[in-house]
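Shown next, in structure tokens, is the structure this report addresses.
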Amino acid sequence: MDFQEPEHITMIRDTVRRFVEAEMPRDAARKWDRENTFPRDIFDKLVALGLTGLTIDEEYGGSGRDIPATMVVIEELSRRSLAVSVPYIMSTCYAGMNLGECASEEQKRDLLPKVVAGEILFAYGWTEPDVGADLASVKTTAVRDGDELVINGSKRFCSGAAISDYIYALVRTGPADERYKNLSIVLIPPTTEGVSITGIDCMGMKGAATTDVSFSDVRVPAANIIGGEDGWNRGWDFIVGSGLDVEKLEVAAIALGLASAAFDDSWQYVQERKQFGKSVGSYQSTRHMLADMRTSLHSCRLMMMHAAWLAQQNKPCRLETSMTKLHICEAGKKIALDAQTILGAYGYAKDYDVERYVRDSLLMPIIGGSAAIQRNNITNWMNLPKK
Ligand SMILES: Cc1cc2nc3c(=O)[nH]c(=O)nc-3n(C[C@H](O)[C@H](O)[C@H](O)COP(=O)(O)OP(=O)(O)OC[C@H]3O[C@@H](n4cnc5c(N)ncnc54)[C@H](O)[C@@H]3O)c2cc1C
């Protein structure tokens, strides 16, 4: 058994840390959060480091599928700002990973090199006004009309639709009663006539702002069906394929980055802040909290390493990825809230980053399959009798 982080991953971690310090100072991260903006120029500089090819095979211009390395990039960027880490996911994972797993050969040859070049971001258009966890019930429809598809319906909480090149939309393409066999995934450019986008004001994950999207007789080429003609009515297979395992880890990696930052800021703060003539880090109340936070972080890190390793080996890992997503997102939320307690009033003030970590951390157990859904899956896969 080897718990050593592979050398190439440590190098990537160091590279991203240097990038964050040079290009993503704390002031800038606060500004992106406050103004809810995506710093495209910073993303373009990140692309120049070659990190958008980490999920893509070499034959399409990438550096070869490397799940553990991808998670490290997400974690390190998320320590500073989700306004960069989430668009990184929208490119490298939502586009790169999904196209690599589900697209037709023609689509891969056309789009994957553009993902590597940082030219393509995907927004996930899955959730709808009446459809949350029960994704197989989506009501947005796509109907064939010759060489085109006509799309009608609406998507909710479609993050980054306004900054993305395609909405990776889950749509109903078959009879309503053929559940799981009546869905396809279609690429819809947000600039297409009939697409309208309005912002949703959420408490966190600023930058890749989330939106309501409606489709009114939107026409796209039938060639935009993911998987080509073979992908028609196979959308559910694509969603529950191994891409879903990695998607759970992407959210967990964000939570891990936020928790690491919350711990580091608390560690710094307790040494600088003095009350009653002593640093607040000398009091048992803060020392014990820091011990629990550090222990929890360690467990999160080990779970992430193990689950990412399983995914990389293409081993079955739905149970491990669900446990990892559940544990890191809930532990990360607690670590951020503990950091806020340690910083006292300053943890509640917007001048301190802990306030943002709390807002962002609260989201992680909700998205990418809620904590309750992960618990359902974990017990189902352990074959616990339901009666
Ligand atoms: C900031 C933000 C960004 C988002 N970005 C995207 C995005 O880019 N693309 C996208 O498609 N979606 C996105 N979402 C939507 C997100 O994925 C959904 O919120 C999530 O799927 C859960 O759906 P819901 O909130 O409608 O909850 P619901 O499914 O309505 O559930 C409500 C509550 O009931 C619980 N529940 C539901 N079903 C069960 C069950 N079977 N067993 C036990 N408990 C259950 C849930 O855990 C939850 O607590 C985003 C959401 C937010 C807030």
Side-chain angles (χ1 to χ4, degrees), residues 32-33 36 38 74 78 81-83 85-95 97-98 121-140 153-172 179 183-188 190 195 197-215 226 235-236 238-240 243-244 247-248 250-252 254-255 258 322 325-326 329-330 333 356-381 384 386:
W32 301 330
D33 174 72
N36 202 2
F38 163 46
I74 297 170
S78 300
S81 174
L82 271 53
S85 67
V86 173
Y88 175 75
I89 292 173
M90 290 167 63
S91 126
T92 309
C93 301
Y94 289 2
M97 184 87 64
N98 283 314
L121 304 183
F122 280 8
Y124 267 3
W126 294 9
T127 305
E128 297 186 352
D130 294 331
V131 178
D134 182 15
L135 281 178
S137 299
V138 293
K139 293 176 181 160
T140 297
S154 54
K155 295 290 171 183
R156 176 149 290 166
F157 294 117
C158 186
S159 299
I163 59 166
S164 66
D165 302 276
Y166 293 100
I167 297 170
Y168 189 77
L170 183 66
V171 294
R172 190 146 59 73
R179 195 168 158 85
L183 302 165
S184 303
I185 298 176
V186 174
L187 294 182
I188 308 173
V195 178
I197 300 175
T198 40
I200 302 175
D201 193 9
C202 287
M203 71 191 287
M205 206 175 82
K206 304 287 186 178
T210 198
T211 65
D212 266 329
V213 180
S214 78
F215 306 111
I226 286 291
W236 192 253
F238 293 154
I239 283 189
V240 296
L244 185 63
E247 197 207 331
K248 288 180 260 178
E250 293 155 19
V251 180
I254 299 177
L258 288 166
S322 278
K325 203 265 171 188
L326 172 66
C329 294
E330 298 227 314
K333 182 166 107 176
R356 188 178 74 249
Y357 306 150
V358 169
R359 282 189 283 114
D360 286 340
S361 296
L362 290 176
L363 177 64
M364 299 309 137
I366 297 173
I367 57 172
S370 71
I373 294 297
Q374 303 306 337
R375 287 191 172 96
N376 285 353
N377 289 341
I378 291 164
T379 44
N380 288 342
W381 294 331
L384 190 67
K386 287 185 180 166

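All values derive from a computational prediction rather than experimental measurement. Throughout, residue positions are numbered sequentially from 1 according to the sequence presented. Note that ligands are numbered from 1 as they come in the structure, with each ligand's atoms numbered from 1 the same way.
For atom 35 (C) of ligand 1, the closest non-hydrogen atom of the protein is A372 CB, 4.6 Å. Ranking protein heavy atoms by distance to atom 20 (C) of ligand 1, first place goes to I366 O, 3.8 Å. Counting only heavy atoms of the protein, atom 3 (C) of ligand 1 lies nearest to S159 OG, 3.2 Å. The protein atom (non-hydrogen) at minimum distance from atom 6 (C) of ligand 1 is F157 O, 2.5 Å. With hydrogens left out, the protein atom closest to atom 30 (O) of ligand 1 is G132 CA, 4.6 Å, a heavy atom.
Checking S154 against S214 by side-chain atom types alone, no donor-acceptor pair falls below 3.5 Å. Judged purely by distance below 3.5 Å, without hydrogens or angles, the side chains of S322 and K248 pair a donor atom with an acceptor atom.
Within a 4.0 Å radius of atom 32 (C) of ligand 1, the protein contributes no heavy atom. Less than 4.0 angstrom separates atom 44 (N) of ligand 1 from at least one non-hydrogen atom of the protein. In this structure, atom 39 (C) of ligand 1 has protein heavy atoms in its sub-4.0 angstrom surroundings. By the definition of a contact as any protein heavy atom under 4.0 Å away, atom 15 (C) of ligand 1 is in contact. Shown here, atom 25 (O) of ligand 1 is out of close reach of the protein: none of its heavy atoms lies under 4.0 Å off. Atom 9 (N) of ligand 1 is approached by the protein to below 4.0 angstrom, counting heavy atoms only. The presence of a protein heavy atom under 4.0 Å from atom 47 (O) of ligand 1 is confirmed. Using a 4.0 Å threshold on non-hydrogen atoms, atom 50 (C) of ligand 1 counts as touching the protein.
For Y168 and F122, the ring centers sit closer than 6.0 Å to each other.
Ionic pairing of K333 and D360 is not present here: no N-O contact between side-chain nitrogen and carboxylate oxygen is shorter than 4.0 angstrom. A salt bridge is defined here as a Lys NZ or Arg NE, NH1 or NH2 lying under 4.0 Å from an Asp or Glu carboxylate O, and R375 with E330 meets this definition. Comment: D212 engages R156 in a salt bridge, judged by a side-chain N to carboxylate O separation of less than 4.0 angstrom.
Using modelled atom types, no side-chain atom of Q374 and backbone atom of K325 make a donor-acceptor pair closer than 3.5 Å. No side-chain donor-acceptor contact under 3.5 Å links T92 to the backbone of I89. At least one donor-acceptor pair under 3.5 Å links the side chain of S361 to the backbone N or O of Y357.
Atom CG in L135 sits 9.5 Å away from atom CG in L244 (nearest 0.5 Å). Atoms OH and NZ, on Y124 and K155 in that order, are 13.0 Å from each other to the nearest 0.5 Å.
At a heavy-atom cutoff of 4.0 Å, ligand 1 is contacted by the side chain of T210 but not by its backbone. For S370, every heavy-atom contact with ligand 1 shorter than 4.0 Å involves the side chain, none the backbone. At a 4.0 Å heavy-atom cut-off, ligand 1 touches N376 through the side chain alone. When non-hydrogen atoms are compared, ligand 1 lies under 4.0 Å from the side chain of L363 (C-beta onward) but not from its backbone. At a heavy-atom distance under 4.0 Å, only side-chain atoms of I373, from C-beta outward, approach ligand 1.
When A209, P365, A133, P129 are ranked by how near their heavy atoms come to atom 37 (C) of ligand 1, first place goes to A133.
Close contacts between ligand 1 and W126 involve ligand atoms 11 (O) [criterion: under 4.0 Å to a heavy atom]. The contact set between ligand 1 and I367, taken as ligand atoms under 4.0 Å from a residue heavy atom, comprises 4 (C), 50 (C), 51 (C), 52 (C).
Some N or O of T127 is nearer than 3.5 Å to an N or O of ligand 1, by distance alone. The shortest N or O to N or O distance between Y124 and ligand 1 is under 3.5 Å.
Using a 4.5 Å heavy-atom cutoff, the side chains of T127 and V138 are not in contact.
Under the side-chain contact (heavy atoms from CB on, under 4.5 Å) test applied with P190, the options V213, I163, I197 reduce to a single match, I197.
By the side chain to side chain donor-acceptor pair (under 3.5 Å) test, D165 pairs with no residue at all, sequence neighbours left out.
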